[in-house]
Amino acid sequence: MMNKIWLLFFIVCAMACSSKKEERTEEKMFVVNIVPEEKKLQEYLRYHQQVWPEVEAGFKKAGYRKITLYRYEHLLVMKIVVPAGADLQQMGKTAEAYSPRCAEWNHVMSAYQAGVPGTRQGETWVEAVPFYEFKNE
């Protein structure tokens with residue numbers, strides 16, 4: 001009987017140790033405008049059909065879990081999923097430092113981006129903060 005209890009104990013411990021803990025993440029939303037020229041918009045969209053592999057490797061290295069871009073006309077919305085409490089500035093620096101191509105990508109993309117109304121001079125992507133949420137749980 002004691003052997004069965006020990007066996008059961010070890011099985012439960014092994015299962016608890018092997019189960020992967022779910023990482024807490026959070027979503028962040030950012031907005032930017034593309035320079036209001038149709039040619040620029042089309043070029044920007046073409047770049048994003050084949051994002052350079054070094055750029056996505058930099059995202060992985062920095063710890064981004066998911067990045068999704070949405071658009072309406074020249075307005076872009078970016079949703080990122082990152083570890084809860086992540087330092088976004090540090091993540092951006094880590095991603096850009098991964099490869100010279102990452103910094104080059106950011107430089108090329110910045111030529112297409114313009115801030116939304118209310119941004120400061122030279123500011124492009126700005127965080128959109130949530131103010132309402134509906135959940136049906």
Side-chain angles (χ1 to χ4, degrees):
M1 179 71 167
M2 190 61 131
N3 286 344
K4 288 183 181 179
I5 292 173
W6 278 109
L7 179 60
L8 181 58
F9 173 76
F10 285 117
I11 290 172
V12 169
C13 286
M15 289 174 60
C17 291
S18 67
S19 66
K20 187 176 180 181
K21 269 191 170 180
E22 188 173 315
E23 177 187 43
R24 287 184 352 102
T25 60
E26 59 187 7
E27 293 180 350
K28 300 279 188 176
M29 304 290 272
F30 295 85
V31 294
V32 73
N33 280 321
I34 296 300
V35 174
E37 297 173 27
E38 190 60 28
K39 181 182 175 191
K40 292 276 192 185
L41 174 63
Q42 293 309 314
E43 289 173 6
Y44 190 84
L45 295 174
R46 273 195 301 280
Y47 270 111
H48 285 82
Q49 289 174 354
Q50 294 185 318
V51 174
W52 301 345
E54 299 90 345
V55 171
E56 291 187 340
F59 291 153
K60 288 179 186 177
K61 175 76 173 173
Y64 291 91
R65 299 299 179 252
K66 187 174 185 180
I67 299 174
T68 307
L69 294 175
Y70 302 87
R71 87 174 177 91
Y72 174 76
E73 300 291 330
H74 287 78
L75 174 68
L76 302 183
V77 176
M78 175 173 60
K79 178 176 79 171
I80 62 171
V81 178
V82 297
D87 181 339
L88 298 183
Q89 287 187 342
Q90 184 56 51
M91 289 179 76
K93 290 176 185 175
T94 300
E96 193 168 270
Y98 176 77
S99 163
R101 295 274 287 168
C102 297
E104 180 184 353
W105 174 270
N106 286 340
H107 179 73
V108 170
M109 293 305 107
S110 70
Y112 295 94
Q113 300 165 354
V116 296
T119 56
R120 294 185 299 270
Q121 182 71 25
E123 189 174 40
T124 54
W125 287 102
V126 291
E127 187 171 0
V129 294
F131 66 94
Y132 171 80
E133 179 177 63
F134 169 80
K135 286 186 178 183
N136 185 7
E137 298 178 310

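- A single hydrophobic cluster is not seen to contain both M29 and V81; linkage of ILVMFWY side chains at heavy-atom distances under 4.5 Å, directly or through other members, places them apart.
- Expressed to the nearest 0.5 Å, how far NE2 of H48 lies from OH of Y112 amounts to 10.5 Å.
- Here the closest non-hydrogen pair linking V82 and I80 is CG1-CD1, 3.9 Å.
- Side chains of V77 and Y72 form no contact here, defined as non-hydrogen atoms less than 4.5 Å apart.
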| query | Could you go step by step and tell me if Y44 and V35 meet the side-chain contact (heavy atoms from CB on, under 4.5 Å) rule? | reply | CA-CA 10 Å; Y44 190 84; V35 174; over 6 Å; no

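- In this structure the side chain of V126 reaches within 4.5 angstrom of the side chain of V116, judged on heavy atoms.
- Closest of all the heavy-atom pairs between N33 and P117 is ND2-CD, 4.1 Å.
- Cluster membership for Y70 and V32, using ILVMFWY side-chain heavy atoms within less than 4.5 angstrom, is not shared.
- A salt bridge is defined here as a Lys NZ or Arg NE, NH1 or NH2 lying under 4.0 Å from an Asp or Glu carboxylate O, and K93 with E96 fails to meet this definition.
- Separating the CZ atom in F59 from the SG atom in C102 is a distance of 7.5 Å, to the nearest 0.5 Å.
- Under a 3.5 Å cut-off, the side chain of E26 and the backbone N or O of G85 do form a donor-acceptor pair.
- Linking Ile, Leu, Val, Met, Phe, Trp and Tyr whenever their side-chain heavy atoms come within less than 4.5 Å puts V108 and V55 in one cluster.
- Considering all non-hydrogen atoms of both residues, W105 and Y47 come closest at CH2-O, 3.5 Å.
- Between atom CD1 of residue I34 and atom CD of residue E43 there is a gap of 11.0 Å, rounded to the nearest 0.5 Å.
- V31 has its side chain within reach of L75: a pair of non-hydrogen atoms, C-beta onward, lies under 4.5 Å apart.
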| said: Between Q49 and R46, is the side-chain contact (heavy atoms from CB on, under 4.5 Å) condition met? List the steps. | reply: CA-CA 5 Å; Q49 289 174 354; R46 273 195 301 280; 4.2 Å; yes

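- Here the closest heavy-atom approach between residue K28 and residue L88 is recorded as CG-CD1, 4.1 Å.
- To the nearest 0.5 Å, atoms NZ (K66) and NZ (K79) are separated by 5.5 Å.
- In this structure, Q42 CD and K40 NZ are separated by 13.0 Å, a value rounded to the nearest 0.5 Å.
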| Steps toward side-chain contact (heavy atoms from CB on, under 4.5 Å) verdict (E38, H74) | CA-CA 9 Å; E38 190 60 28; H74 287 78; 3.9 Å; yes

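- Atom CE of M91 is separated from atom OH of Y64 by 5.0 Å, given to the nearest 0.5 angstrom.
- Side-chain atoms of V129 and F131, non-hydrogen and from C-beta on, never get closer than 4.5 Å to each other.
- For R65 (side chain) and G63 (main-chain N/O), a donor-acceptor pair under 3.5 Å exists by modelled atom type.
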